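Working notes, beginning with the structure itself.
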There are 2 protein chains.
Amino acid sequence: MAVTLADVAARAGVSSATVSRVLNGNYPVAGSTKDRVQRAVEELDYVVNGQARALAAATSDLIGVLVNDVADPFFGLIASALQGEIGAGGTQPGGGKLAVVCNTGGSPEAELTYLTLLERQRAAGVVLTGSTVESKAHTAAVTARLTRLAASGTRIVLCGRPPLEQAEDSLGLITIAFDNRGGARRLTEHLLSLGHRRIGYVAGPAERSTTRHRLEGHREALLAAGLGPDTRAGANALRLTVHGGYDRASGYDATLELLRRDTGVTAIVAANDTVALGVCAALRDSGLRIPGDVSVAGFDDLPFSVDASPALTTVRIPLQDAGARAGRLVMGRQAPPPGGVATVATELMVRGSTAPPSPGRR
Amino acid sequence: MAVTLADVAARAGVSSATVSRVLNGNYPVAGSTKDRVQRAVEELDYVVNGQARALAAATSDLIGVLVNDVADPFFGLIASALQGEIGAGGTQPGGGKLAVVCNTGGSPEAELTYLTLLERQRAAGVVLTGSTVESKAHTAAVTARLTRLAASGTRIVLCGRPPLEQAEDSLGLITIAFDNRGGARRLTEHLLSLGHRRIGYVAGPAERSTTRHRLEGHREALLAAGLGPDTRAGANALRLTVHGGYDRASGYDATLELLRRDTGVTAIVAANDTVALGVCAALRDSGLRIPGDVSVAGFDDLPFSVDASPALTTVRIPLQDAGARAGRLVMGRQAPPPGGVATVATELMVRGSTAPPSPGRR
DNA sequence: CTGTTAGCGCATTCAG
DNA sequence: CTGAATGCGCTAACAG
């Protein structure tokens, strides 16, 4: 079968312990023996058995990364940056961990299953990205899993997901939260300042944290502008909220629904940029122009947003930065933020898809 | 520390061997003892140690997936479908492998490094996706790595990458190739049939297999239309080929370069849809209209392509199907295609971004 | 600096 | 059907 440490040791005429020392470079070894060992390793094409090493040393080369959808660039960007950090070091001893990307599809069950699988592999760290399902049962189940993982020394980082209240201090759990609420608020303020009053909102799945935060920011802005739910315009705004998935098709369908409810909407805010594309498509198919007839705004500022036509007004989240930071944190190469929670600022990007409402439609 | 098999055995009042048998369900165990063991497992929150199991049984729960760019939906779609197949089965014994997604960034060195890392982890399978760098040295190095992996029982699947000639038979290596050449040819035929003669081509990186195949298809079409390199129009077409990366910025820059070389191009074919977005942006910024002044075509038919404005004419590759199939193959759940190589057909999708050239510009 | 000795946690013989 | 014993390949004390 495969060549083992013992084979290398025999060939180099040393003990297997010495070979191990040379390989790990964590212990003094004479230069000449080191050379001999290295030559033997090359001649035999030896590759360490990670599992045996992990078992003996109680360490692991795996970092689990849970994402809701690998095919979504939102997660791709985070994962890519994260991997750049943890993968650095290649085959050198110490550096070079492998990212186990787990695609939950937003399913709470899948999330729990993957956490178990990762616990089984004794992952060195786990990063949970993106919105979480806000159900008491699921939060409790996740907290329980994370508690066990943390107890066994697995480093845990939440990225783009709100902190797990009960667990911060006791578990040393680290969170990189996105300021979704603030970004959403500024976005809607922007629309209000342009003069929009009949603003549709295509929200994400109802039970997700990100959905809720963005929606809250939106409503805060309306309230601050004197459009509380008790006012006529405010009540209308509530009627103009449609929930759907974080995908293009949802944006398309939701927009048709919005237009059915009120043909006079002058602006539509989407759950994210992908949804916004669907919104744009539906508007165009309905014979409406952007932003002439209806303004459209997204969220996330994914790379394609600047290329949309017109370019999409959106809220930028520094996903790469956040992913890289999560990577450094899960590797223990960076000090955690005070309190274990860092909130990443979001930035309003005003582009061509938003403009003052046309007098004719107001 | 963590609870082990022995702990469970002690609690259930049986031997650890019996616990192992219950857990793996591959050996007869009395119903009553089975129940007792299962209760003990739950009471203790026992989770098997994957590394120890792997070491003892010489098996692995990991499947490596090499991609050039996780943030690119092209790979995201493949990875997502693939994971759906290999992850099925969850925590049940037998099913539920974990995908280790390795982001090579298109770097040959990174590819080799990851293959070593995966060999180290004794991965159960490895899937290499997307274009490969066509250098003799790299091909040889990859072949050597794959040979070793295959020899140690790792199942290997190539997805969206041309077969490795020398290795097919001897290694039982499986390839799912995309018909890039045929798709590219039909795409250019479409432009020719619309009347275009001055067609720019924004190609991918020069040394990549996919780049080469698509470019060859393009030139085949030109040749078949009597526009060989010896003709005036054909020679011009050669001048109108610019290489760049598979990203949006490359498309943008390359388009500006194309317009510098020939302000009269009536159509531009892009390396892929992402590049095509950059092409569109550059054209618009140059005051040209699509398809009125210049037609644009992409490749891959990524989800956003239908939402571009105008919707992008492109070549569809059934990425999800291919990814799922790769998943089944690497799991050994599906018979390999005859000869070890399957070629996936591609389909021309004609949309709004291509139209006959305007008389004024011809 | 180097060799010897124990396990790491589990699956799997081989007996009973 | 069940238990005891052995070893997977490697690292980590512990001696020299």
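Residue numbering restarts at 1 for every chain, and letters A, B, ... go by the order of the sequence lines. Below, all heavy atoms of this structure are taken into account, side chains as well, without hydrogens, waters or symmetry copies. Bear in mind that the values here come from a model prediction, so they are computed numbers and not experimental data.
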Closest nucleotide among [options] to the [X] side chain:
| X | options | answer |
| --- | --- | --- |
| A:Asn26 | C:dC1, C:dC10, D:dA12 | D:dA12 |
| A:Leu5 | C:dC10, D:dG9, D:dT11 | D:dT11 |
| A:Tyr27 | C:dT2, D:dG3, D:dC10 | C:dT2 |
| A:Val14 | C:dA11, C:dG3, D:dT11 | C:dG3 |
| B:Ser15 | C:dC10, D:dG9, D:dG3 | D:dG3 |

Which atom pairs, one a donor and one an acceptor, fall under 3.5 Å between side chains of residues 12-19 of chain A and the rest of the protein, sequence neighbours left out?
{"unit_1": "A:Ser15", "atom_1": "OG", "unit_2": "A:Ala17", "atom_2": "N", "d": "3.4"}
{"unit_1": "A:Ser15", "atom_1": "OG", "unit_2": "A:Thr18", "atom_2": "N", "d": "3.4"}
{"unit_1": "A:Ser15", "atom_1": "OG", "unit_2": "A:Thr18", "atom_2": "OG1", "d": "3.3"}

Do the side chains of [Y] and [X] get nearer than 4.5 Å, heavy atoms only?
| X | Y | value |
| --- | --- | --- |
| A:Leu164 | A:Leu146 | yes |
| A:Val65 | A:Val100 | no |
| B:Val41 | B:Val37 | yes |

Q) If you pin B:Thr18 and B:Ala52 to their nearest nucleotides in DNA chain D, which one's is more 5'? A) B:Thr18
To the nearest angstrom, how far is [X] atom [atom1] from [N] atom [atom2]?
| X | N | atom1 | atom2 | result |
| --- | --- | --- | --- | --- |
| B:Arg53 | C:dC10 | CZ | C1' | 8 Å |
| B:Asn49 | C:dA11 | CG | C1' | 13 Å |
| B:Leu55 | D:dG9 | CG | C1' | 6 Å |
| A:Asp7 | D:dG9 | CG | P | 9 Å |
| B:Leu23 | C:dA11 | CG | P | 7 Å |
| A:Glu119 | C:dG9 | CD | C1' | 15 Å |
| B:Gln51 | C:dC10 | CD | P | 11 Å |

Taking OP1 and OP2 of [N], is either one under 4.0 Å from a side-chain nitrogen or oxygen of [X]?
| X | N | value |
| --- | --- | --- |
| A:Thr4 | D:dG9 | no |
| A:Ser20 | D:dT11 | yes |
| B:Asn24 | C:dA11 | yes |

Q. Partners of A:Asp45 by side chain to side chain contact (heavy atoms under 4.5 Å, CB included), sequence neighbours excluded?
A. B:Arg148
Q | For A:Glu43, side chain to side chain contact (heavy atoms under 4.5 Å, CB included) partners two or more places apart | A | A:Arg11, A:Arg39
Q.
I need the residues from residues 29-38 of chain A with at least one non-hydrogen atom less than 4.0 Å from DNA chain C; give them sorted by number, or say none.
A. A:Val29, A:Ala30, A:Thr33
**Q.** Whether A:Arg145 side chain and A:Leu115 backbone form a donor-acceptor pair below 3.5 Å
**A.** no
Q: Would you indicate what B:Ala17 reaches in the nucleic acid, counting non-hydrogen atoms under 4.0 angstrom: base, sugar-phosphate, or nothing?
A: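 Counting heavy atoms under 4.0 Å across all strands, the contact made by B:Ala17 includes a base.
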Q. NA contact type, B:Val19, heavy-atom cut-off 4.0 Å: base, sugar-phosphate, or nothing?
A. nothing
Q: Using a strict cut-off of less than 4.0 Å between a Lys/Arg side-chain nitrogen and an Asp/Glu carboxylate oxygen, indicate whether A:Glu42 and A:Arg36 qualify as a salt bridge.
A: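 Salt bridge: no.
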Q.
So that I can tick it off, tell me whether B:Arg333 and B:Glu85 are bridged by a salt bridge, with the cut-off set at under 4.0 angstrom between side-chain N and carboxylate O.
A. yes
Q.
Is it the case that the base of C:dG3 and the side chain of A:Arg21 share a donor-acceptor contact (distance under 3.5 Å, atom types as modelled)?
A.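 Checked by distance alone, the answer is yes.
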**Q.** Base-pairing string, 5' to 3', of DNA chain D - Watson-Crick or wobble, under 3.5 Å, | interstrand
**A.** ||||||||||||||||
Q) Taking only residues two or more places apart in sequence, or in another chain, which ones meet A:Ser80 in a side-chain hydrogen bond (donor to acceptor under 3.5 Å, both in side chains)? A)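 If we apply the side-chain hydrogen bond (donor to acceptor under 3.5 Å, both in side chains) test to A:Ser80, skipping adjacent residues, there are no hits.
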